[in-house]
Protein chains: 4
Amino acid sequence: MLEEPPLRADAARNRARILDAAEAVFAELGPTASTEEVARRAGVAIGTVFRHFPTKDDLLAAIMKRLLARLVEEAAEHDLFAFFTHVVAQAAAKKTVVDLLPVDIRLAEAVGHLESAVGTLLAEAQASGAVHTGIRLPEVMALLVSVCQGALHSGWDEDLQRRTLTVVFAGLRAQS
Amino acid sequence: MLEEPPLRADAARNRARILDAAEAVFAELGPTASTEEVARRAGVAIGTVFRHFPTKDDLLAAIMKRLLARLVEEAAEHDLFAFFTHVVAQAAAKKTVVDLLPVDIRLAEAVGHLESAVGTLLAEAQASGAVHTGIRLPEVMALLVSVCQGALHSGWDEDLQRRTLTVVFAGLRAQS
Amino acid sequence: MLEEPPLRADAARNRARILDAAEAVFAELGPTASTEEVARRAGVAIGTVFRHFPTKDDLLAAIMKRLLARLVEEAAEHDLFAFFTHVVAQAAAKKTVVDLLPVDIRLAEAVGHLESAVGTLLAEAQASGAVHTGIRLPEVMALLVSVCQGALHSGWDEDLQRRTLTVVFAGLRAQS
Amino acid sequence: MLEEPPLRADAARNRARILDAAEAVFAELGPTASTEEVARRAGVAIGTVFRHFPTKDDLLAAIMKRLLARLVEEAAEHDLFAFFTHVVAQAAAKKTVVDLLPVDIRLAEAVGHLESAVGTLLAEAQASGAVHTGIRLPEVMALLVSVCQGALHSGWDEDLQRRTLTVVFAGLRAQS
DNA sequence: AATGAATGAGGTTTCATTCAT
DNA sequence: AATGAATGAAACCTCATTCAT
């Protein structure tokens, strides 16, 4: 749990610009978009990107980490179903691959935080009777990831997305 | 609807070997695996791969087409839930991306066939009362794709896969 | 000066069809057109092309040889200027490279025949006073090749071709 | 009419080395010589060639552009006949294809400049009586291209080149 | 003699990453 | 810290040529 030295102000600004640009570029072109394109969009030179993120994977991980952190922050404002809907909408918008498989050690912590937040919402939902008590966290996460991926790959319209989630929510509510 | 001339026996054998090798390679390394690797695994020269599949995309499309055709054949032997489970298991095994978005014109027909087959199973399930009558085909397909993608990306174990599908099936059965 | 064994009738027919196709293909697409394209156009398999012409260069040489032989036959019907005009028009039509550089041993003989024919026409032209007596065969051949190449590469219209040849003919006629 | 940003000193040096190497390589081996060979000769990595010239065609166009620009600069020092001779000698030396057909939009401007320069020399030659007044620029350019191509393809010796040009010059001078 | 599938060297091009400026 | 030119491995793909059928 090393603390990084604080960045110089301009470096911090560049880091943020790069992340924003990368988020936009990968959302548009998928994760195979080139790092040069990210640099161009961020208005910095390619070397600067690599100074901040030594490999392309580091850059992708950093995007994911920031995105996950944002989601965690937003969790408190939602109940489970609303949050679920929100996350799926996000995933469809930012095309960034929500690859929760924590093979990537760099994301283990961020994913853990999201899982905790969802766990809290799940407990609340079960307490209020909105979700059946037999449901456990892993399958909720699995469903979340699945629907995100599905929305990502298949270009659903809003209506289909709603109807799909309706089924999932009914399943969570039901006696199994 | 052009009919291709029938392939010579040796060419047909090589075509099949290449498809098998490609299926395995892409399952292991993802769709960015190199065509050279496929050739090596198939035991043919690189030119042979390109004679059969002029583009890497053609190769990927051919794999998907064969996979979809196989699934369609197997549909008749299952009810909706069993088929759903079977498809997800397949997807997890072959890592081949079940990208049903028929952006790829070459797959439109094959995807259509799968959709028809699922439609038939859905009608049967609704007739027998196993699935609520308000459910329509698009969301069933969306869920199928979603869970396949989820299984693909997240490396679920068998138990988690079963629990996740249990929720989906409950949702399909329920009053929405 | 080996005599080839006579070809079987069907083989002879194929040889001719291949030459015709090759002339057309190279005229349209330049000498970088693929040998497969020639085979396709000739309606034979690729192996047949290579049986008749063991290398692509052999095929190109054979085309040139036939083209040169035709020109030689036609020489008798023309005076020098008319023949010159005819050859240039041919070259512009068949885009086949009139590369008279007899680096290619296979063409030495055919080029020699053309040179003889032009020599005869030159002698006649000089006898009749149409060409200055100081002119010698090599520069006539050089000019012929030049204007052919020029017409080939620059896409002249008919009018420009005529005006260009007018200058050349005036030069041949003049006192130098 | 975009102005490119000025190159860094080292980049400019490499750009020039690549152009020099390419000129030499294509002169020796023709325009089908490989880009790798150019890189090797220039002493840079292959990627550097493609950073400067994203396409092989771009590289060929750049060579031609530089060559044409040099010729234009040298035009002022010559009269029409001397310039004509000079250009042909150049073409024979650098085997670079003087393909004036401005199919290649990238060369339209450079070719235009050469044509202007020749136009000026032609006007002077006509004013001084060295060239007949009926001659127009297009046929002069056509002859220039032709003799360059001829010299290129046929490997003339110096004497033949002189005698050939003598005929052309006589034609330009003559009453047509 | 003809077929056409297979070969494989070699071409162009891309792009993550390094490093001199 | 930032720049952006250079690197070079590796990707995709073409095509002249060979060879089993």
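Letters A, B, ... mirror the listed sequences (proteins, then strands); counts begin at 1.
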Visitor: For A/Leu59 and E/dT17, give me the distance from atom CG to atom P, rounded to whole Å.
Guide: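 One finds 10 Å between P of E/dT17 and CG of A/Leu59, rounded.
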Visitor: Counting heavy atoms from C-beta on, name the nucleotide in E/dA16, F/dG4, F/dA16 closest to the side chain of D/Arg51.
Guide: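 So the side chain of D/Arg51 is nearest to F/dG4.
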Visitor: Does E/dA9 pair with anything, Watson-Crick or G-U wobble, both distances under 3.5 Å, and if so, with which nucleotide?
Guide: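 F/dT14 - that is the nucleotide pairing with E/dA9, both distances being under 3.5 Å.
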Visitor: Would you mind reading off the distance between D/Phe26 atom CZ and E/dG11 atom C1', rounded to a whole angstrom?
Guide: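 After rounding, the gap between these two atoms is 12 Å.
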Visitor: Please pick, from F/dC13, E/dA2, E/dA5, the nucleotide with the shortest atom-to-atom distance to any side-chain atom of B/Thr55.
Guide: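 Among the listed nucleotides, the one closest to the side chain of B/Thr55 is F/dC13.
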Visitor: B/Phe53 CZ to F/dC12 P: how many Å, rounded?
Guide: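 Distance check: B/Phe53 CZ to F/dC12 P gives 15 Å.
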Visitor: How do B/Ala45 and D/Thr32 order along DNA chain E: which one's closest nucleotide is nearer the 5' end?
Guide: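 Looking at the nearest nucleotide for each, B/Ala45 comes out on the 5' side.
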Visitor: Taking the nucleotide of DNA chain F with the closest heavy atom to each, which residue, A/Thr48 or D/His52, is nearer the 5' end?
Guide: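 Per heavy-atom nearest nucleotide, the more 5' residue is A/Thr48.
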Visitor: In whole Å, what is the span from the CD1 atom of A/Ile18 to the P atom of F/dA1?
Guide: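 Nearest whole value for this atom pair: 12 Å.
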Visitor: Want to settle it: does B/Arg15 or D/Ala33 sit nearer the 5' end of DNA chain E, counting the closest nucleotide to each?
Guide: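 It is B/Arg15, whose closest nucleotide lies nearer the 5' terminus.
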Visitor: Over all strands shown, is B/Thr35 touching base, sugar-phosphate only, or nothing at heavy-atom distances under 4.0 angstrom?
Guide: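 Here B/Thr35 touches the backbone only, sparing every base.
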Visitor: So does B/Ser34 get a backbone contact from the side chain of B/Lys56, meaning a donor-acceptor N/O pair under 3.5 Å?
Guide: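 No; zero donor-acceptor contacts below 3.5 Å.
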Visitor: Which listed nucleotide (E/dT12, F/dA6, F/dA9) is nearest to the side chain of D/Ile46?
Guide: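 Per side-chain heavy atoms of D/Ile46, the pick is F/dA9.
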Visitor: Could you tell me whether A/Glu37 and A/Arg41 have a side-chain N and a carboxylate O separated by less than 4.0 Å?
Guide: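 Salt bridge: yes.
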Visitor: Using whole Å, report how far CG of B/Asp57 lies from P of F/dA11.
Guide: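 Whole-Å distance recorded here is 16 Å.
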Visitor: Tell which nucleotide pairs with F/dG8, taking only Watson-Crick or G-U wobble pairs whose two distances are both under 3.5 angstrom.
Guide: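 Across all strands, the one nucleotide that pairs with F/dG8 is E/dC15.
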Visitor: Please figure out whether A/Val44 or B/Glu36 has its closest DNA chain F nucleotide nearer the 5' end.
Guide: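 The residue mapped nearer the 5' terminus is A/Val44.
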Visitor: Any heavy-atom pair between the side chains of D/Arg106 and D/Asp57 that's under 4.5 Å?
Guide: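 A side-chain contact exists here, since the closest heavy-atom pair is under 4.5 Å.
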Visitor: For A/Arg40 and E/dA16, what is the distance between atoms CZ and P respectively, to the nearest whole Å?
Guide: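 Distance check: A/Arg40 CZ to E/dA16 P gives 11 Å.
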Visitor: Quick one: label D/Ser34 by what it contacts on the DNA or RNA (base, sugar-phosphate, nothing), any heavy atom closer than 4.0 Å.
Guide: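 If one applies the 4.0 Å heavy-atom cut-off, D/Ser34 turns out to touch the sugar-phosphate alone, with no base involved.
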Visitor: Which nucleotide sits closest to the side chain of A/Asn14: E/dA5, F/dA2, F/dC12?
Guide: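 The nucleotide sitting nearest to the side chain is F/dA2.
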Visitor: Got a donor-acceptor contact below 3.5 angstrom from the A/Asp58 side chain to the A/Thr55 backbone?
Guide: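 Checked: pair present.
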Visitor: Tell me: CD of D/Glu37 to P of E/dG11, nearest whole Å?
Guide: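 About 9 Å, once rounded to whole Å.
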Visitor: State plainly whether the residues D/Arg70 and D/Glu73 are in salt-bridge range, i.e. N to O under 4.0 Å.
Guide: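 Here D/Arg70 does not pair with D/Glu73 in a salt bridge, since their nearest N and O are not under 4.0 Å apart.
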Visitor: Using Watson-Crick or G-U wobble geometry with both distances below 3.5 Å, tell me the partner of E/dA20, or none.
Guide: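 Paired with F/dT3.
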Visitor: Whole-Å distance between F/dT7 P and D/Phe50 CZ?
Guide: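 It is 14 Å, rounded to the nearest whole Å.
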Visitor: Ion pair present between B/Arg66 and B/Asp20, side-chain N to carboxylate O less than 4.0 angstrom?
Guide: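 Counted as a salt bridge, because a side-chain N and a carboxylate O are separated by less than 4.0 Å.
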